[in-house]
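Worksheet: one structure, shown below.
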Number of protein chains: 2
Amino acid sequence: MVGVRPPTRTRLAPEQRRTQLLDLGVRLLATRSLDELSIDVLAEEAGISRGLLYHYFGGKHAFHEAVVRHAADDLIAQTAPPEGGEPLERLLASVTAYVEYVVANHAGYQSLVKAAASGNDVLREIYEEARSALTGRIFTEDPWGDLIPDTPVNRLLVRGWSAMVEELVLAWVADPAGVPRERLLELAAGSLPALVESAGPGL
Amino acid sequence: MVGVRPPTRTRLAPEQRRTQLLDLGVRLLATRSLDELSIDVLAEEAGISRGLLYHYFGGKHAFHEAVVRHAADDLIAQTAPPEGGEPLERLLASVTAYVEYVVANHAGYQSLVKAAASGNDVLREIYEEARSALTGRIFTEDPWGDLIPDTPVNRLLVRGWSAMVEELVLAWVADPAGVPRERLLELAAGSLPALVESAGPGL
DNA sequence: CATTCTATTGACGTTTGTTCAATAGTGGCA
DNA sequence: TGCCACTATTGAACAAACGTCAATAGAATG
């Protein structure tokens, strides 16, 4: 006597359905990798059929790309650019916003970071753009022009610094281990001036 | 009139075949991701049948794991621990060996880095072990005990620093852009003392 | 209430990972 | 030299997952 419930298909507006799938994708791809996530599982989790996913995104990889782009946009949007003020304060404010975002929303951030290393050039570019958007906010707007001249070495340094901050925050979120949040912020923000200074006046 | 050449199967000693497949895997997985690498392609590239890969490694993921472990062992082995001497000199020597390895062998290194972010816990652990092996060499052996006390903050810092060095080297290899190799080495090695100092005396 | 529009489905074809019994080099031994 | 045992290697058959498309069913509009 199996209850044969008529398959109630729920019909949504394309926009809603799209964001529903995107949000779900961000959450699922935070822990599993793409090939560990079967369409069947995703579809069942979302309460839809496999076909619908293809209707909206055209394929598995295209879906992944959309998910990553979604996460990147979210990151950029939620870490608002700091107001005017002292360079050091703006840096601290920016880093604080970044840390706050990663702490509150690190499922999405993990999705983004993982995608960057997954071989696909498109995904990597999305990640690069997001990072550029964050670092660019601080440095393209002049006030650091004196402190951090635009040289090849400093470009390299800033790139390395952002990788370090990412690692610091992710490691700290995974295990705060007696390091208060304030201290983390000091480390992240204070390290950039220290690095630039240690690099010396060179080229 | 297709020449039906009898399929000459080449028979190797298990050890040779194993390393052949591993080396090939390292090279192929440096650019493609795992699910972009079909067994068919791998088999044809190696001149073997699909079945043989399963005989040696038991599966696609197991093969990936073996490849990553191969690359990690290679990295650890080839970046020999620096001899005795001044802490700063040992650090520089260690970083130099690391940079040298990445430059000469960055296919293998890319395989390793990519694997780390690919979701699988086993792969990530292999990567973590490799990194610990490199950083641990310098700091577990005492002489830095005075300069870099073993505190939670400094552990975090060293972790972040290694992520930065990795990013610096990979970015530099991809595009040296007017930064001489010597300068890169200075940046990588010199940044650690600068970071530790900037972190202040705190806990 | 009928009709049109379209979000959604489910069955089908195709590709790709996996298994396993059969095959063929190779080295040892008479 | 020639047979034999051992095992590296294969290829076909199986399973699972990706991708396609015509048919179906909500919902709004008149």
Side-chain angles (χ1 to χ4, degrees), chain A residues 2-25 28-29 31-68 115 118-120 122-123, chain B residues 2-25 28-29 31-68 115 118-120 122-123:
Chain A
V2 178
V4 181
R5 169 172 24 154
T8 304
R9 59 165 76 172
T10 48
R11 184 192 177 110
L12 294 182
E15 197 57 28
Q16 294 180 32
R17 177 67 20 124
R18 191 181 164 82
T19 59
Q20 175 214 351
L21 294 176
L22 250 35
D23 287 337
L24 179 62
L28 292 182
L29 286 170
T31 55
R32 322 167 194 281
S33 74
L34 186 64
D35 70 326
E36 285 169 345
L37 174 63
S38 70
I39 304 275
D40 297 78
V41 169
L42 175 61
E44 186 173 2
E45 200 83 13
I48 64 170
S49 68
R50 283 202 301 282
L52 195 59
L53 195 84
Y54 287 89
H55 173 70
Y56 275 101
F57 299 98
K60 201 185 186 188
H61 288 277
F63 174 68
H64 191 198
E65 185 181 318
V67 165
V68 170
S118 87
N120 191 326
V122 177
L123 297 181
Chain B
V2 178
V4 180
R5 171 170 23 151
T8 304
R9 59 164 76 171
T10 49
R11 183 191 177 112
L12 294 181
E15 197 57 26
Q16 294 180 30
R17 176 73 11 127
R18 191 180 164 82
T19 58
Q20 176 215 349
L21 294 176
L22 251 35
D23 287 337
L24 179 62
L28 292 182
L29 286 171
T31 54
R32 320 165 194 283
S33 76
L34 186 63
D35 70 325
E36 285 169 345
L37 175 63
S38 70
I39 303 278
D40 297 78
V41 168
L42 176 61
E44 185 172 4
E45 200 84 12
I48 63 171
S49 67
R50 287 199 299 280
L52 195 60
L53 195 84
Y54 287 87
H55 173 70
Y56 276 100
F57 300 100
K60 201 186 186 186
H61 288 278
F63 174 68
H64 191 197
E65 184 182 320
V67 165
V68 170
S118 87
N120 189 326
V122 177
L123 297 181

Between Arg9(B) and Ile48(B), is any pair of side-chain heavy atoms under 4.5 Å apart?
-> no
Any side-chain heavy atom of Val68(B) within less than 4.5 Å of one from Leu29(B)?
->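 With C-beta onward as the side chain, the pair stays apart.
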Separation of atom [atom1] in [X] from atom [atom2] in [N], rounded to whole Å:
X        : N       : atom1 : atom2 : answer
Glu44(B) : dG11(D) : CD    : P     : 12 Å
Leu42(B) : dT9(D)  : CG    : C1'   : 15 Å
Gln16(A) : dG26(D) : CD    : P     : 17 Å
His64(B) : dG17(C) : NE2   : P     : 14 Å

With distance as the sole test, does Glu36(A) use its side chain to make a donor-acceptor pair with the main-chain N or O of Ser33(A) at under 3.5 Å?
->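 Yes; judged by distance alone, with no hydrogens or angles, the pair exists.
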Which atom pairs, one a donor and one an acceptor, fall under 3.5 Å between side chains of residues 51-67 of chain B and the rest of the protein, sequence neighbours left out?
residue	atom	partner	partner atom	Å
Lys60(B)	NZ	Leu34(B)	O	3.1
Lys60(B)	NZ	Leu37(B)	O	3.0
Glu65(B)	OE2	Arg69(B)	NH1	3.2

For nucleotides 3-8 of chain D, read 5' to 3', which letter fits each nucleotide if B means a protein heavy atom sits under 4.0 Å from the base, S means only the sugar-phosphate is that close, and - means neither?
-> ----BB
Within a radius of less than 6.0 Å around CD of Gln20(A), do more than 12 heavy atoms belonging to other residues, nucleotides or ligands occur?
->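 Count over threshold, so yes.
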Can you tell me how far CZ of Arg18(B) sits from CG of Asp23(B), rounded to the nearest 0.5 angstrom?
-> 11.5 Å
How long is the gap from CG on Asp40(B) to CZ on Arg50(B), to the nearest 0.5 Å?
-> 4.5 Å
Please lay out, stage by stage, how Thr10(A) and Arg17(A) fare under the test side chain to side chain contact (heavy atoms under 4.5 Å, CB included).
-> CA-CA 10 Å; Thr10(A) 48; Arg17(A) 177 67 20 124; 3.8 Å; yes
Mind listing the N/O atom pairs, protein and nucleotides 18-21 of chain D, below 3.5 Å?
residue	atom	partner	partner atom	Å
dC18(D)	OP1	Lys60(A)	NZ	2.7
dC18(D)	OP2	Ile39(A)	N	3.1
dG19(D)	OP2	Tyr54(A)	OH	3.1
dG19(D)	OP2	Lys60(A)	N	3.1
dG19(D)	O6	Arg50(A)	NH2	3.4

